[in-house]
Number of protein chains: 2
Amino acid sequence: MYKVALVDDHTLLSEAIGGLVRQFINFEVVNISVNGKEFINYLETANSDKPDVVLMDVKMPVMGGVETTKYLSKYYPDIKVLALSVEEEEGVVMQMIRSGAKGYLLKDTRKSILEQALLEVINYGFYYTNTVERIVKQTENLYEEEVVLKDREIEFIKHACTEMTYKQIAEKMFLSPKTIEGYRESVFQKLGLKNRTGLVIYAIKNNIFTP
Amino acid sequence: MYKVALVDDHTLLSEAIGGLVRQFINFEVVNISVNGKEFINYLETANSDKPDVVLMDVKMPVMGGVETTKYLSKYYPDIKVLALSVEEEEGVVMQMIRSGAKGYLLKDTRKSILEQALLEVINYGFYYTNTVERIVKQTENLYEEEVVLKDREIEFIKHACTEMTYKQIAEKMFLSPKTIEGYRESVFQKLGLKNRTGLVIYAIKNNIFTP
DNA sequence: TTAAAAAAGGGGATTTTCCCCCTAAATAAA
DNA sequence: TTTATTTAGGGGGAAAATCCCCTTTTTTAA
């Protein structure tokens, strides 16, 4: 019997998907958690039934999919993570893959594909849909020298997703308005943005800010 | 037997939730559609099995939950719509309720609540969770003279969620930049916004623009 | 058919944003 | 220890966005 765990804050969905998984032959559901933190707690419980595969949502409160996947890759490399999300953003997909996810399923996949994906992840170590494969290749080919935003820049971006002017942001961050201008410029340059509107859209797409 | 239909673009979820519903006694699933258009097509097919309740997602391609619910309230008032979504935005919830939804479930509700909600909608005509009830009351008490955005304004807002300048938006809409300024001003005034950043956030929160 | 309302456009001033280029201090790397 | 790199700060100008107040044309409704 292959053991599957589900990590998703949408209880109804994880219960329902758990039902589907139980229908597959040779599969059982050993744990359902509502976020990464809870799942890791489960794992660290003595004689907990370690799963072979985890179906992991990306956007979750407390501890998100990316963070959790990174943790699992490090401390439980035998547990395979299969991302299962509505997020189609290339950035998000790549983040999960880079964090160690063995596959990425969109929530509009069919039951049979889910079963196939689970089996392939267990037997071959990965499962990529065409879409995801395309995204991975695209991103690799473009070898876009992975944009790295600094903490202070991310903080700035969050404030920029607000009706505050840069002057007000400067006050809030206890910095001179000119320093904020500096952040603005470096962020625009790194991300290839034209204006603040673009920044807001970027921040939302990349989960830096949630409206 | 109560008949249930599911309308959701996330196939995996609707299949899985369909499985849950079938477990409830006296319930059967008569149709699963991926968007409103497809569901209405189903309804209009001769001798289609008309459902008692529809579990309706809000955000869907082609024909969304709000539009579909309005249509159903008008042409199929006997079919009760129960919204089932991850959208927690007050605006979105209210839109669904105003469009005729008999209840609004978040996707993190439990299986037992789903069954209860289905039964209550069928027997009493509605099912409101505490959260939704609070939102409805809040909104009603504030009797915020329901902001009505005109088509042209909405079109403008969509363009404003872009890196285009107002001048470029004007070109795209074949209008003078000054007219665009007029839209900007009336929209800002109606929605109580300070600047374009606020507009972008509003548009995303209210499903006018999807990043 | 006439009054009212909505849509389209405008002048001009102020603020904010954007852009390019530059300096000083603190940190990290060699 | 010297050399980069990062972080913080700045000047000045151009462009865009914001604001207020105003006119003309088109639609709509009484």
Side-chain angles (χ1 to χ4, degrees), chain A residues 91 98 143-206 208-209 211, chain B residues 70 95 98 143-206 208-211:
Chain A
R98 284 212 195 91
Y143 79 97
E144 42 174 298
E145 57 250 38
E146 216 201 320
V147 179
V148 181
L149 293 168
K150 294 161 203 164
D151 288 354
R152 215 73 174 132
E153 286 172 346
I154 288 179
E155 201 184 335
F156 157 72
I157 294 177
K158 283 179 182 165
H159 283 119
C161 295
T162 288
E163 291 197 328
M164 281 190 285
T165 65
Y166 291 138
K167 208 185 288 180
Q168 292 171 321
I169 295 174
E171 281 171 27
K172 210 152 213 180
M173 290 177 71
F174 303 107
L175 291 172
S176 126
K178 275 298 177 182
T179 307
I180 295 296
E181 289 247 320
Y183 287 145
R184 203 210 80 249
E185 211 154 346
S186 81
V187 167
F188 276 32
Q189 196 266 315
K190 280 184 186 175
L191 305 175
L193 299 173
K194 280 195 176 64
N195 52 42
R196 197 163 155 180
T197 305
L199 180 60
V200 175
I201 308 285
Y202 175 89
I204 293 171
K205 275 191 181 174
N206 289 273
I208 295 173
F209 173 77
Chain B
K70 277 183 187 159
Q95 269 182 57
R98 284 212 195 89
Y143 80 98
E144 44 175 298
E145 56 252 41
E146 213 201 321
V147 178
V148 180
L149 293 168
K150 295 166 201 162
D151 289 355
R152 216 71 174 132
E153 285 173 348
I154 289 180
E155 201 184 333
F156 157 72
I157 294 177
K158 283 179 183 165
H159 283 119
C161 294
T162 290
E163 290 197 330
M164 281 191 285
T165 66
Y166 289 138
K167 209 184 289 181
Q168 292 171 321
I169 295 174
E171 281 171 26
K172 220 167 204 165
M173 290 177 71
F174 303 107
L175 291 173
S176 128
K178 275 297 177 178
T179 306
I180 295 296
E181 288 243 325
Y183 288 147
R184 202 210 83 249
E185 210 155 341
S186 80
V187 167
F188 276 32
Q189 196 265 315
K190 280 184 188 176
L191 305 174
L193 300 171
K194 280 195 176 63
N195 52 42
R196 196 163 156 179
T197 305
L199 180 60
V200 175
I201 307 285
Y202 174 90
I204 293 170
K205 274 190 181 174
N206 289 272
I208 294 172
F209 173 78
T210 310

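Sequence lines set the chain letters: A, B, ... in the order given, protein chains first and strands last, and positions in each chain run from 1. Hydrogens, waters and symmetry mates are skipped; everything else that's a heavy atom, side chains included, is used.
- Residues passing the salt bridge (charged side-chain N to carboxylate O under 4.0 Å, His left out) test with Glu185(B): none are found, sequence neighbours excluded.
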(Q) Let's go through Ile157(B) and Tyr183(B) carefully: what are the C-alpha distance in whole Å and the side-chain angles of both, what is the deciding distance for side chain to side chain contact (heavy atoms under 4.5 Å, CB included) to 0.1 Å, and is it a yes or a no? (A) CA-CA 9 Å; Ile157(B) 294 177; Tyr183(B) 288 147; over 6 Å; no
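- Going from atom CG of Asp151(B) over to atom C1' of dA6(C) covers 14 Å, rounded to whole Å.
- Applying the side-chain contact (heavy atoms from CB on, under 4.5 Å) criterion to Thr165(A), with sequence neighbours excluded, gives Lys167(A), Gln168(A).
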Q | From CA spacing to verdict: side chain to side chain contact (heavy atoms under 4.5 Å, CB included), Leu149(B), Phe156(B) | A | CA-CA 10 Å; Leu149(B) 293 168; Phe156(B) 157 72; over 6 Å; no
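- Under 4.0 angstrom from either OP1 or OP2 of dA7(C) there lies no side-chain N or O belonging to Thr179(B).
- For Asn195(B) (side chain) and Gly198(B) (main-chain N/O), a donor-acceptor pair under 3.5 Å exists by modelled atom type.
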Side-chain donor-acceptor distances from residues 169-182 of chain B under 3.5 Å, at least two apart:
from: Ser176(B); atom 1: OG; to: Lys178(B); atom 2: N; distance (Å): 2.9

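- With sequence neighbours left out, Lys158(B) forms a salt bridge (charged side-chain N to carboxylate O under 4.0 Å, His left out) with no residue at all.
- In the helix from dT1(C)-dA30(D) to dA30(C)-dT1(D), the rotation axis of the first five pairs and that of the last five pairs differ in direction by 50°, rounded to 10 degrees.
- Using a 4.0 Å cutoff to heavy atoms of chain B, the contacted part of DNA chain D runs 5' to 3' from dA16(D) to dC20(D).
- In this view, Ser186(B) and Glu153(B) satisfy the side chain to side chain donor-acceptor pair (under 3.5 Å) rule, not counting sequence neighbours.
- Inter-residue side-chain proximity for Phe209(B) and Ile201(A) is flagged as met; some heavy-atom pair is nearer than 4.5 Å.
- Interatomic distance, Glu155(A) CD to Lys150(A) NZ, rounded to the nearest 0.5 Å: 14.5 Å.
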Q: Classify every nucleotide of nucleotides 19-26 of chain C by which part a protein heavy atom approaches to under 4.0 Å, writing B for the base, S for the sugar-phosphate alone and - for neither, in 5'-to-3' order.
A: BB------
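- Annotation: proximity of residues 153-172 of chain B to DNA chain D (heavy atom, distance under 4.0 Å) is found for Thr165(B), Tyr166(B), Lys167(B), numbered in ascending order.
- Heavy-atom neighbours of Lys194(B) NZ from other residues, nucleotides or ligands within 6.0 Å: at or below the threshold of 12.
- With sequence neighbours excluded, the residues that form a side chain to side chain donor-acceptor pair (under 3.5 Å) with Arg196(B) are Thr197(A).
- Here Glu163(B) pairs with nothing under the side chain to side chain donor-acceptor pair (under 3.5 Å) rule; sequence neighbours left out.
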